[in-house]
Amino acid sequence: MCWIITAGYQESIEKMTKISKQDLRLATLILRFTILLQCIGVYFQLRSGSALEGILFMEYGLDQAAAKKIENAIALVFLLIGAVTFFRSGKVLIMIIVFLFLFMAVLIQRQAGSPFTDCTVFAHAARVLAPLGLFLLVKKDFHTRKIIYFILVLGLGITFITHGMEAVSLHPYFLDYLITSFQNLAGVELDQHHAERILQIIGSLDILLGVFIFFVRNKWLLLWMAFWGLVTASSRITELGWGMYPEVLSRAAHFGIPLTLIFLDRCIKKETEERVR
Amino acid sequence: MPKNQILQSLLLAIFAFTLVSCKDKQSDRNIEIEVAETAPRHVRVLWTEQPSNHAIISWTTLHSKGEMHRIVFDTVSRKDDNISYSFEVKSKRNGEITMLDMDYEEGVPTGYFHHGEIKNLKPSMKYYFKVESDGQFSKEYYFVTAPADDRQISILWGGDSRLGGEKPIYAGRTPHLGRQDMNKRIKALMDENEEILAFTHGADYGSTAEWRHLFWWLEDHEIVVGKDNRLLPLIISRGNHDYAIGFQENFWLSTITDEQNFGYYYTTQLSPQVTLITLNTEISVAGNQRVWLEKQLAENRPNKRWLVTHFHRPAYPVVKDYEAHTFKRVREAWVPLFEKYNIDLACESDGHILKRTLPIRNGKPDETGIVYIGEGGLGVPQRTADTTRWFIQPPGFAKSADNVHLIQFRTDSLVVRAIGPEGNVLDYYGRIPRIN
């Protein structure tokens with residue numbers, strides 16, 4: 001009898017370990033895919049001109065062609081590292097990509113010249129911290145996974161709160177996403193007054209979600225954030241057409257991180273249960 | 001030390017360096033400014049909607065806000081006689097110009113803005129004025145109001161006067177040689193041609209609208225004082241480097257600033273037959289501004305010979321990515337209206353180049369279409385155009401050259417000349433009126 005109970009227990013442990021490993025694999029895969037999409041998005045953004053070329057040419061007096069070459073070279077680095085990282089877990093490469101994402105955010109913030117650029121580093125928190133999560137995910141131990149969860153939540157939360165504050169402050173681009181997308185998708189003429197009210201509600205919700213995520217571990221909350229992250233990233237396309245796809249790809253972390261967190265959370269919970277047993 | 005730890009420490013150091021480098025690199029460059037006096041400076045005239053009878057006069061005092069600020073003015077020159085002016089108005093807005101740490105570190109002095117409005121002016125009249133702050137008077141300046149009759153008039157138009165000093169350029173907010181050269185050219189043009197009524201700026205005055213940038217823009221703008229202290233009224237627009245609060249502080253446009261939520265979009269009636277519409281690409285382009293634009297175009301087109309718009313971000317960029325969000329949103333929101341109401345000319349900035357497009361309608365060349373000029377060259381470093389773009393193929397063109405445009409509104413034609421810092425004509429374009 002005792003032997004039967006022990007065998008059943010062993011079987012259930014093995015089953016749980018298998019499921020938690022599957023969740024971990026899925027979380028890793030989603031995160032890798034997210035980073036790949038981000039890198040492709042940034043590649044196209046850099047190819048079409050970015051803050052980097054502007055600063056090198058305008059402020060450091062570099063020849064425009066040389067500045068463009070440097071920009072193209074960095075674009076290629078993004079693309080290559082994104083592709084390699086998708087298949088392999090090279091810690092150095094991942095850390096380079098973390099640094100590059102942070103570097104780009106700092107550059108945009110420094111160059112200014114767009115609404116709310118003062119907040120760029122915070123607004124880019126998700127895309128900067130996504131590869132950092134992957135960097136740590138390479139480590140297999142339980143405690144590191146808890147740290148990764150916190151890092152990804154931190155990135156997601158800061159990004160949602162920052163975008164929420166921008167929306168509450170009536171970011172002009174966000175207003176136009178709403179007004180033109182309503183027109184394009186539903187044929188509805190949304191006037192600016194109503195767009196502003198809707199935007200303030202959306203912004204307030206984003207701030208609330210961004211705060212909740214630090215305290216609440218809920219699958220449905222994360223699913224909503226993934227959905228909303230995808231919708232808001234795609235608003236560039238609904239406003240101005242499919243040509244805006246790099247803008248969506250570069251924001252892949254906004255929907256990729258919540259999905260990663262769902263599986264990572266499941267994995268951590270199961271591992272915790274295993275440890276208790 | 002294990003390899004991993006060394007790597008992590010190295011990366012941490014890079015992170016720390018990156019974060020620290022967020023701080024502007026100007027802090028080690030203190031500029032000595034020999035400005036001790038508190039007398040009014042940066043005296044300027046701004047035009048908004050009805051320049052035939054209204055103007056805003058603004059100035060700066062340094063070091064002290066003062067208590068009593070006023071404008072005295074008359075239709076005859078009073079020279080040194082400060083008490084004989086027939087009219088006076090008190091300033092409406094006074095306040096301290098916002099200073100950041102970087103402004104202090106660069107050594108620009110504390111500044112205070114003062115703005116006053118003069119109303120009920122007579123058209124085509126010289127108005128002589130002085131500004132006074134706590135008993136200290138400025139020199140006597142004059143400007144000419146816009147006409148109420150259908151005479152030939154001209155304006156100067158240009159954009160982008162940020163950066164352009166010694167290398168590294170960012171450090172060289174002064175001397176901004178390129179900007180100063182262009183200001184000298186603007187002064188020469190206004191002295192040569194009295195029919196030039198105003199100087200319209202296509203925005204991006206400095207890298208930001210913070211005081212260390214705007215202070216030097218205003219200092220350089222003092223070059224643009226013509227013969228007998230004539231001032232060329234400014235028609236202001238707002239660009240993507242003009243977000244900071246300093247813009248509102250230094251370029252106050254009365255009700256336009258107050259009621260349109262810092263919108264900076266408005267229609268200037270330069271003469272009974274010439275309408276200039278200033279748009280703002282840095283706020284919502286698809287919301288209230290678009291509704292307002294359509295109303296302005298519908299009201300003005302049927303009975304105005306010349307209808308011109310100007311705005312900062314180009315609909316048809318010749319340097320930056322044509323498909324970029326910042327340009328496409330302008331193209332999608334406004335260009336259909338420009339084409340529907342057949343405006344005569346669109347003036348754009350931002351790219352740091354000189355261009356003139358083919359006439360464009362429905363996204364292709366069309367003789368009946370709209371011509372887009374500009375992209376900004378008031379001293380800013382010039383970029384190289386992508387010459388493969390269809391809309392600058394001959395007779396369109398693009399060229400890297402500092403420039404300001406002289407736009408003449410004649411009864412039988414609209415003539416546009418792009419003029420370089422040496423006075424050389426870089427481009428010429430003319431068209432006949434669309435309506436009789």
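Every chain is numbered from 1, with letters handed out A, B, ... down the list of sequences.
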**Q** Closest approach of Arg313(B) and Ser114(A), non-hydrogen atoms and distance?
**A**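 Shortest heavy-atom separation between Arg313(B) and Ser114(A) comes out as NH2-OG, 3.8 Å.
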
**Q** Working to the nearest 0.5 angstrom, can you tell me the gap between Tyr243(B) OH and Asp118(A) CG?
**A**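 With rounding to 0.5 Å, OH (Tyr243(B)) is 11.0 Å from CG (Asp118(A)).
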
**Q** Of all heavy-atom pairs between Gln289(B) and Gln192(A), which one has the smallest distance, and what is that distance?
**A** N-OE1, 4.3 Å

**Q** How long is the straight-line distance from CZ of Arg329(B) back to OH of Tyr177(A), given to the nearest 0.5 Å?
**A**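 Result: 8.5 Å between the selected atoms.
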
**Q** Most heavy-atom pairs under 4.5 angstrom with chain B, which of Leu175(A), Ile55(A), Asp176(A), Ile179(A)?
**A** Asp176(A)

**Q** Counting heavy atoms not belonging to Tyr322(B), are there more than 12 under 6.0 Å from its OH?
**A** yes

**Q** Sort out for me which of Thr326(B), Asp321(B), Asp350(B), Asp242(B) touches chain A most, counting heavy-atom pairs under 4.5 Å.
**A** Asp321(B)

**Q** Is there a side-chain contact between Arg383(B) and Glu53(A) (heavy atoms, below 4.5 Å)?
**A**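 With C-beta onward as the side chain, the pair touches.
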
**Q** Considering non-hydrogen atoms only, spot the tightest contact between Ser284(B) and Pro172(A) and give its length.
**A**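 Scanning both residues, the minimum pair turns out to be N-CB, 3.5 Å.
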
**Q** Top residue by heavy-atom pair count (under 4.5 Å) with chain A, among Lys320(B), His325(B), Glu282(B)?
**A**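 Answer, by heavy-atom pair count under 4.5 Å with chain A: His325(B).
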
**Q** More than 12 foreign heavy atoms under 6.0 Å from CE of Met244(A): is that the case here?
**A** yes

**Q** Answer with side chain, backbone, both or neither: which region of Phe44(A) has an atom nearer than 4.5 Å to a non-hydrogen atom of chain B?
**A**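 Answer is neither: Phe44(A) stays 4.5 Å or more from chain B.
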
**Q** Is the count of non-hydrogen atoms from other residues, nucleotides or ligands lying under 6.0 Å from Arg88(A) atom CZ greater than 12?
**A** no

**Q** Below 4.5 Å, heavy atoms only, C-beta onward: do Met58(A) and Val380(B) meet side chain to side chain?
**A**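 Yes. Closest side-chain heavy atoms under 4.5 Å.
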
**Q** Any side-chain heavy atom of Glu332(B) sitting closer than 4.5 Å to one from Glu239(A)?
**A** no

**Q** Sort Val319(B) into side chain, backbone, both or neither according to what part of it lies under 4.5 angstrom from a heavy atom of chain A.
**A** side chain

